[in-house]
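Worksheet: one structure, shown below.
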Amino acid sequence: MNRRVNRLAVVGGGAAGLTAAIAAGERARELGVPLDIVVFERDDRVGRSILATGNGRCNFSNRNIKFFDYHNHEFVGEAIGRIAMAPDDDAVHSFFSSHGLFWREEDDGRQYPQANKASVVVDVLRASAAAVGVREACECEVAAIEAPREAGKPFTLRMADGVLERADAVIVACGGKAMASLSAAGLAVLPLQPMLGPLRCSGEDAKFTRELDNIRVRCRAMLVRPQGNEYACVALERGELMFRKYGLSGICVYDLSRHFQPGDEVEINFLPDYDPFEPGEVEAFLSERWDALTDTFGAITYGDFLRGLLLPRVSEALLKRSGVRPDEACGRDDAVNLACLLTMFHLFVEGIADADQCQVRRGGLDVAGFDPQTMSARKLPGLYAAGEALDVDGRCGGYNLHWAWSSGLIAGRAATDWLNS
Ligand SMILES: Cc1cc2nc3c(=O)[nH]c(=O)nc-3n(C[C@H](O)[C@H](O)[C@H](O)COP(=O)(O)OP(=O)(O)OC[C@H]3O[C@@H](n4cnc5c(N)ncnc54)[C@H](O)[C@@H]3O)c2cc1C
């Protein structure tokens, strides 16, 4: 007797969808069961979203991933709890290494393909998918997923062109943005918020950043929240910050943007090796510097004092902001009084400057409705989700792709097991 072959539909051929399809196919092969796996992709090719990552180089993971750096970290922790303890020995690294990807590390544990091209990652994924018979159905946009009318019946996928497709199990892996328009079998979808993007400054502060447009500084940047007469530190980052016409950009600003709330300010420390909260530390550095410079040059100006410490345009803008001319004489006390300006420089921010530049969307499918061990919808057997479609996002540095691969691997394997249970 011919038994009907189960069909698994994966909605979205990005990072999560491709890994889910491969994991499902490999699990079916392990179990020795046939499985028809189709990736429905609205674009004309799969993997395009991966090509844009890491400036075309694909920062695909990170050696030091910590699950508390994710939004909904308890869910992430339960799903991929080992990631904090076992760098390079978790499911993602084993997967890529066994499928032929060779990689190298840069600063802060960021991992990139050795070939330094995102296309290499896509090649590895597509070849691995083809090896287990995954079918790519491109230019096929899924408009709605409808739950089976009764147990044992298939899901219906309503395509944007009106065609109906059936599937015994479905993995939703359409990414963050698309969750705004996909109707996913009545599951709770939280509003989408762009994250990991540049921040807009307002008023005088925007004038300041405009004057420094395109200038990069290495600094410590803190997102601070006024509380009475004081500020609470919401997030602290160290790295490169770029001034832009509209405000602030750069990786450390992107990371701060994940925590932004109206009313927050960004505090910049232009002397990142000195801690303004260590009493006297910055002042000692400034007075020693003043002593050294006056020993060499005799009487000095503010311009002389800052020369060699900051980029000239940054010093000029900072001095202008504090109402001092660069050619004014700078005594020892004046130099020490620059401590606040140099290490606790505040800028008001209004929020995300340009949603299109944001790397991820917070929101999407509410994780409360999913089992982190399997990525299956608690109330809808046979429906799974992975990647950014779920309300999970992480910091810059490979965290978001790491989540996409991890959750894809879990969902794909679990879907095959469920279909064969
Ligand atoms: C410019 C940029 C750079 C980034 N760089 C990095 C980086 O270096 N490292 C990192 O970790 N993260 C990075 N990210 C974030 C990362 O790319 C995402 O978190 C990750 O790609 C999410 O994977 P996903 O598979 O869930 O969704 P996506 O990659 O968005 O894939 C979803 C796929 O589904 C398809 N799709 C959508 N809707 C439908 C539909 N209705 N029917 C059929 N198909 C559909 C889409 O066309 C797409 O192919 C970057 C993001 C951006 C925008």
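Whatever order the structure lists them in is the order used to number ligands and atoms, beginning at 1.
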Item to complete: Check the side chains of H99 and E26 for a donor-acceptor pair under 3.5 angstrom, ignoring hydrogens and angles.
Response: yes

Ligand 1: which protein N/O atoms lie under 3.5 Å from its N/O atoms?
from	atom 1	to	atom 2	distance (Å)
ligand 1	5 (N)	G54	N	3.1
ligand 1	8 (O)	G54	N	2.9
ligand 1	8 (O)	N59	N	3.4
ligand 1	9 (N)	N59	O	2.9
ligand 1	11 (O)	G398	O	3.4
ligand 1	11 (O)	N400	N	3.3
ligand 1	11 (O)	L401	N	2.7
ligand 1	19 (O)	E388	OE1	2.8
ligand 1	25 (O)	A15	N	3.1
ligand 1	25 (O)	A16	N	2.8
ligand 1	26 (O)	E388	N	2.8
ligand 1	29 (O)	S49	OG	2.7
ligand 1	41 (N)	V142	O	2.8
ligand 1	42 (N)	V142	N	2.9
ligand 1	44 (N)	R42	N	3.1
ligand 1	47 (O)	E41	OE2	2.6
ligand 1	49 (O)	E41	OE1	2.5
ligand 1	49 (O)	E41	OE2	3.3

Discussion item. My understanding is that only residues two or more places apart in sequence, or in another chain, count here; which of them pass side chain to side chain contact (heavy atoms under 4.5 Å, CB included) with E141?
Written reply: R42, A160

Item to complete: Please work out whether the ring planes of F96 and F60 are parallel, tilted or perpendicular, with thresholds of 30° and 60°.
Response: perpendicular

Discussion item. Applying the side-chain hydrogen bond (donor to acceptor under 3.5 Å, both in side chains) criterion to R238, which one of D108, N269, D273 satisfies it?
Written reply: D273

Practice prompt. Measure the acute angle between the ring planes of H402 and H93, then classify it against the limits of 30° and 60° as parallel, tilted or perpendicular.
Written response: tilted

Worksheet item: So do the side chains of D393 and Y70 get within less than 4.5 Å of each other, counting heavy atoms only?
Response: no

